[in-house]
Amino acid sequence: MTSKPVKPLLEIQNLDVTLKNRDSYFKALDDLSFNVLPGEILGLVGESGAGKSMTGSAILGLIEPPLFISKGKIIFKGKRIEENAISVRGSMISMIFQDPLVSLNPLRKIGDQLVETIRTHINIDKAEAITYAKNLLEEVGIDRERFNAYPHTFSGGMRQRVVIALALAPNPSLIIADEPTSALDVSVQALILALLKRLCKERGTSIILITHDMGVIAETTDRVAVLYSGRLSEIGKTSEVLNSPKHPYTQGLIAATPRIDADSLKTKLYQIPGTMPDLSEIPDGCPFHQRCSKSIPKCSENNPPLLYDRASCWLLEKESV
Amino acid sequence: MLLIILRRILQAIMVLLLVALVSFIIFRYVGNPVDNILGQEATLAQRAALEEALGLNQSIYIQYFDFLWKAAQFEFGNSYRGALPVSDLIASRLPATLELAITSAIIGVSLGVILGIYTAINRGSFLSNFILSTSLIGVSLPTFLIGVLLIWIFSVELNWLPSFGRGEVVDLGWWTTGFLTLSGIKSLILPSITLGLYQMTLVMRLTRAEMLEVLKQDYIRLAYSLGLTKKQIYFFHALPNILIPVITIAGLQLGSVIAFAIITETVFQWPGVGLLFINAVYYVDIPVMSAYLLLVGFAFVIINLIVDLTYLLIDPRLRDNQLKLEV
């Protein structure tokens, strides 16, 4: 049962991100802790506003006032980076954004943008950088002859391939993919995800895949972390979490995922009652208890810690995992 | 691409023809040229002779084409005052105005862009706020007051710079320039600051607003997340994307500075076309006014044509298909 523990690539420990609004403070991320192992794909899932993208921005040091990191550590390869993210930005951790149509500078050739990124991080001359960039384009499935093309001449899926090439260019150890396929056609989504997965497995690059799509989680990730109101609800191996979710919120998310089969035509899709509370209205106790059908009195009194390294829910106290 | 350029040039010519029409109508119909030249006491024979000489008895179309033909050769008839050719008057005044306008535009646009970028990047810092609120004073004070203030400080109190005129100029045959003598350059300083201040404020505020908008774009966030330096992001990613509105406004400003530097030219007794125009209005010197109108129209059209062609240089999307403008 005991395997030798792998040293994590990225550790997030008790991270708080606070929003300052005049004299009030609201926690956008609350005591968030999780690890990313080398080479793994970790999914971050939750409703809009749960803090998924903010976690990504916090890792890269892209949090701007009125938001700030108020507590906790972000440790990358054994070094704390929460104060000094610029040292890893691009070179070791890079990011892919949701909308490829606006992710590339419209006035500059894609080749130019690639060469610029490559030469910022890798000490090679221009001719080598051009060859390197053309090889990268080929790897992501773009004809190397299009090196001098402008972004507007590409489709959305092709532009996301260019963005992936940009993110991979400095050979990072971790890529944060923030909803990389949400803006794309369904037919293109699977291609892009498969490409991202293949390239990262080949290079041993870890991915934090931010999404609200449980289908994407199931297809792509090794482990999954479920966020709710800036807190970690549940974390575990993707197969375990999807097959036997422990947190009622995770159960709700899975039940609310549309399926295409004979039954789905007869039954109505499940909805989690209510909406996620605004930052200023997060209740005492478990933030989910007001929407939870299984809540017990204790839920409204104390916020549950992560139990059995699996889920933050008082119901787990009674049973064993 | 070539088609787009040709179409733009064609548009420019159409606009010029329209301006010429207005200019012609003023020339021909504001007052009667014959009365203006001969006065009330002239005999009918004299009037007929002058009408014949000026071609006023021909059909209106022929007169218009005649006007165009002469204008194309830079001939606008004689001024009613002093009977000098209008073209000579303008040619002797134009260098002064153009040198003033271009100097002030260079000061205004370069400082405006630099300060605009600075205040956008260092948003909320003490210096940015100071620059922004000072610039507000710059726009609120009327030009003549700024001119008079500058004269008071730098000419009267400090006695550093001349308060009027162009100083010594060097005659290059077809152009007189103040750039080549010390007194010419000294004379240029106060009027060009007076004229450039408003442009600087305008360009600065525009640059700042555009910059703040562009810095929110996803491609800037991507550039940050790729670990590019701030210099790379500000100058190679953000700046090119604000150039189109900034160049548009700078071009319009340059046009209006050439055309309407009248107040500044009056305050500093600058011997430019603005002063010429004011005097023409005062004495109802119709040929000068109509030629001036044509000149101003020409300046605006040329500047806008250049601005339009610069768009194509900056934005590849416009080069490929100017109808599909994605924002």
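Keep in mind that the numbers below use all heavy atoms, side chains included, and drop hydrogens, waters and symmetry copies. Note on naming: letters A, B, ... go to the chains in the order of the sequence lines (proteins, then strands), and numbering restarts at 1 for each one. The structure displayed is predicted, hence computed values, not measured ones.
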Handout entry: Interatomic spacing from OG in A:Ser57 to CZ in B:Arg221 - rounded to 0.5 Å
Key = 6.0 Å

Handout entry: Separation of A:Ser103 OG from B:Asp218 CG (nearest 0.5 Å)
Key = 5.0 Å

Handout entry: Neighbour count >12 (heavy atoms, 6.0 Å) for atom CZ, B:Phe236
Key = no

Handout entry: Residue pair A:Glu116 / B:Leu228, side-chain heavy-atom distance below 4.5 Å
Key = yes

Fill in the blank from the handout: Checking heavy-atom separations under 4.5 Å from chain B, one finds in residues 166-181 of chain A A:Leu166, A:Ala167

Practice task
Could you check if a side-chain atom of B:Tyr219 sits within less than 4.5 angstrom of a side-chain atom of A:Pro106, using non-hydrogen atoms only?
Solution key: yes

Completion exercise
Heavy-atom closest pair (A:Leu107 atom, B:Pro240 atom, distance to 0.1 Å) is CD1-O, 3.2 Å

Problem - Over 12 foreign heavy atoms within 6.0 Å of CZ, B:Phe298 - result: no

Practice task
Check the surroundings of atom CZ in A:Phe34: do more than 12 heavy atoms from other residues, nucleotides or ligands lie under 6.0 Å from it?
Solution key: yes

Handout entry: Contacting region of B:Ile314 [heavy-atom separation from chain A under 4.5 Å]
Key = both

Completion exercise
Turns out that what part of A:Val163 lies under 4.5 Å from chain B's heavy atoms comes down to side chain

Problem - Nearest heavy-atom neighbours spanning B:Arg319 and A:Tyr150 - result: NH2-OH, 3.1 Å

Fill in the blank from the handout: Of A:Met95, A:Lys109, A:Gln113, A:Gln98, the largest count of non-hydrogen pairs under 4.5 angstrom with chain B goes to A:Met95

Practice task
Check the surroundings of atom CD in A:Glu64: do more than 12 heavy atoms from other residues, nucleotides or ligands lie under 6.0 Å from it?
Solution key: no

Problem - Neighbours of chain B found in residues 125-148 of chain A - heavy atoms under 4.5 Å - result: none

Exercise for the section: Count the heavy atoms belonging to other residues, nucleotides or ligands that lie under 6.0 Å from CZ of A:Arg203, then report whether that count exceeds 12. Expected result: yes

Handout entry: Atom pair CG (A:Asn105) and CG (B:Leu222), whose distance is rounded to the nearest 0.5 Å
Key = 10.0 Å

Problem - Under 3.5 Å donor-acceptor, B:His237 side chain and A:Arg108 backbone - result: no

Problem - CD1 (B:Ile263) with more than 12 external heavy atoms under 6.0 Å - result: no

Practice task
Specify which of B:Ala223, B:Ser225, B:Ala238 makes the most heavy-atom pairs with chain A at under 4.5 Å.
Solution key: B:Ser225

Practice task
Measure distances from A:Ser87 to the heavy atoms of chain B and classify the residue's part below 4.5 Å as side chain, backbone, both or neither.
Solution key: neither

Problem - Atom pair CD/OG1 of B:Gln232 and A:Thr117 - distance to nearest 0.5 Å - result: 8.0 Å

